[in-house]
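Please read the structure below before turning to the comments.
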Amino acid sequence: MTGDAPTVPNPLQPVDESWQRGLAIVAHPDDLEFGGAAAIARWTRQGKQITYVLLTSGEAGIDGMDPDEAKETREAEQRASAQIVGVDEVVFLGLPDGVLEYGVDLRRALTRVIRKYQPEIVITNNFRDSWDEDGNALNMSDHIVTGRAVLDAARDAGNRWIFREQIEEEGLEKWGGVREVWAGGSPRSKHAVDTTDTFDLGVQSLEAHAAYLRGLGSGDFDAEEFLEGFSRQTGTRLGTKYATGVEVFKLMLF
C-alpha cells in the first residue's frame, strides 16, 4: 500500500478566466440556472461583465399556465434570478418557445447581439444530442438549435461581409474578439469551473424560477438536492467540492 493519492477518472481542467466581458446566450429562462448560474456568480464576483440573452421567454414551459401569462411570469423570474448572481442586463429576443429553427435568420439575430456586446467569452447550453455519454438522456431541439447557432454566430460576427447590413446600416462593428464558446453541461466537457464558494447563490438563482419549478412533475422539486448531485461529481473531477463542467470551443487559434 502506498501513500499516492487515488487517480480521479476523467479529470477536468480549469477554464481560462483571464477575460472581462461575457455573453450568455441560451434558449429559455432557467437554462442557465440548471447548473451554470453558480459559475456566473463566481465571475461577476471577479468583476467580470456578463449579459444574458434569452432566445425565448419560456412561454410554452408551464403546462397549467396560458402562454401570455407564462411569458410575463418567466421573464420576471429570469430577471430576479439574474440579479441574484450579479447580472443586471437580461435581453429577451422574443422567438417562439419550443419551435426554434436553425438557419440564417437565427444566425443573423445572434450575430447582432454578439457585435453589440462584443464579448470575449460566449456561454451557451449543451447542444449535443444528449446530456450523458451513453445517449440515454436526450437533449431537446431548442437547446441543440441554440448552441449550434451560437457557435456559428460567434464566427459570423468577425466577418464584415456576413450580415453586412448590420455594419453598413445599423452602425455595428464586426467583432472577431470571441476567444471561446463554452457549452455548459455537455457530456463532452473537458473543462470546469470551481463553484464551491458560489454554490448557494446558484441554488437561490434556480429557486427564483418558482412558478416554473412548481410545474415540474409532482411539484416538490428540490433545487439544492438536484444541483448538489452533479456539482459534487463534477467537483471531484476538478479537485474541488463543487464545479460546473463546460465544453470549450476555441475560435481564436492564432
Side-chain angles (χ1 to χ4, degrees), residues 12-17 19 21-54 58 61 73-91 119 121-126 131-132 137 139 143 146-147 181-187 189 191-217 220-248:
L12 297 167
Q13 299 298 316
V15 295
D16 181 356
E17 295 182 312
W19 52 277
R21 291 189 312 278
L23 188 63
I25 307 175
V26 294
H28 317 106
D30 79 72
D31 281 353
L32 284 163
E33 286 67 45
F34 276 94
I40 300 292
R42 170 187 171 91
W43 294 323
T44 58
R45 279 188 174 183
Q46 293 172 349
K48 301 185 192 306
Q49 178 184 346
I50 299 178
T51 300
Y52 281 4
V53 175
L54 287 298
T73 298
R74 301 203 68 194
E75 286 187 1
E77 289 185 343
Q78 182 61 75
R79 291 191 178 96
S81 176
Q83 286 283 333
I84 291 169
V85 296
V87 173
D88 296 324
E89 186 167 7
V90 180
V91 179
I121 298 295
V122 176
I123 302 143
T124 191
N125 41 231
N126 169 37
W131 295 95
D132 64 321
N139 203 350
H143 298 152
T146 298
V181 173
W182 295 351
S186 169
S189 297
H191 293 77
V193 185
D194 180 1
T195 57
T196 304
D197 293 338
T198 52
F199 175 79
D200 290 343
L201 290 174
V203 172
Q204 293 172 35
S205 187
L206 179 54
E207 290 175 339
H209 294 274
Y212 176 71
L213 296 180
R214 282 196 299 271
L216 292 179
D220 59 354
F221 178 84
D222 188 319
E224 182 173 6
E225 181 180 16
F226 177 86
L227 292 175
E228 184 173 19
F230 66 79
S231 295
R232 278 191 180 276
Q233 292 177 11
T234 308
T236 297
R237 295 173 60 194
L238 184 65
T240 63
K241 182 177 181 181
Y242 296 126
T244 295
V246 296
E247 183 175 4
V248 173

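Please read these numbers as outputs of a predicted model, since none were measured by experiment. Just so you know, residue 1 is the first one in the sequence shown, and it goes up from there.
- Using a 4.5 Å heavy-atom cutoff, the side chains of Thr195 and Thr234 are not in contact.
- The side-chain heavy atoms of Val193 and Glu17, taken from C-beta on, include a pair separated by under 4.5 Å.
- Pairs engaging residues 227-237 under the salt bridge (charged side-chain N to carboxylate O under 4.0 Å, His left out) rule: Glu228-Arg232 [sequence neighbours left out].
- In this structure, the separation between OG1 on Thr73 and NE2 on His209 is 12.5 Å, given to the nearest 0.5 Å.
- Using modelled atom types, no side-chain atom of Ser205 and backbone atom of Glu33 make a donor-acceptor pair closer than 3.5 Å.
- Under a cut-off of 6.0 angstrom, the local environment of CG in Asp197 is sparse, with at most 12 non-hydrogen atoms contributed by other residues, nucleotides or ligands.
- Minimum interatomic distance between Thr196 and Lys241 (heavy atoms only, all atoms of both residues): OG1-N, 3.5 Å.
- Contact between His143 and Ala27 at its shortest, heavy atoms only, is CD2-CB, 4.2 Å.
- Between Ser189 and Gly245, the shortest heavy-atom distance links the atoms OG-C, 3.6 Å.
- A side chain to side chain contact (heavy atoms under 4.5 Å, CB included) with Tyr52 holds for exactly one of Leu32, Val91, Ile25, Leu23; it is Leu32.
- The minimum heavy-atom distance linking Glu89 with Thr51 is given by the pair O-CG2, 3.6 Å.
- Here the side chains of Gln83 and Asp88 are in contact, with some heavy-atom distance below 4.5 Å.
- A donor-acceptor distance shorter than 3.5 angstrom exists from the side chain of Ser231 to the backbone of Leu227, with no hydrogens or angles considered.
- Nearest heavy atoms, Ser186 versus Glu247: OG-OE1, 2.6 Å.
- Counting only heavy atoms from C-beta outward, the side chains of Phe221 and Leu206 approach each other to under 4.5 Å.
- For the pair Asp30 and Arg74, the minimum side-chain heavy-atom distance is below 4.5 Å.
- Annotation: the span from Leu12 atom CG to Thr244 atom OG1 amounts to 11.0 Å, rounded to 0.5 Å.
- Taking the six-membered ring where the residue is Trp, Trp43 and Trp182 present tilted rings, their angle falling between 30° and 60°.
- For the pair Asp31 and Asn125, the tightest heavy-atom approach, listed with the atom from each and the gap, is OD2-OD1, 3.6 Å.
- No side-chain heavy atom of Lys48 sits under 4.5 Å from any side-chain heavy atom of Arg42.
- To the nearest 0.5 Å, atom CZ of residue Arg21 and atom CD1 of residue Ile50 are 12.0 Å apart.
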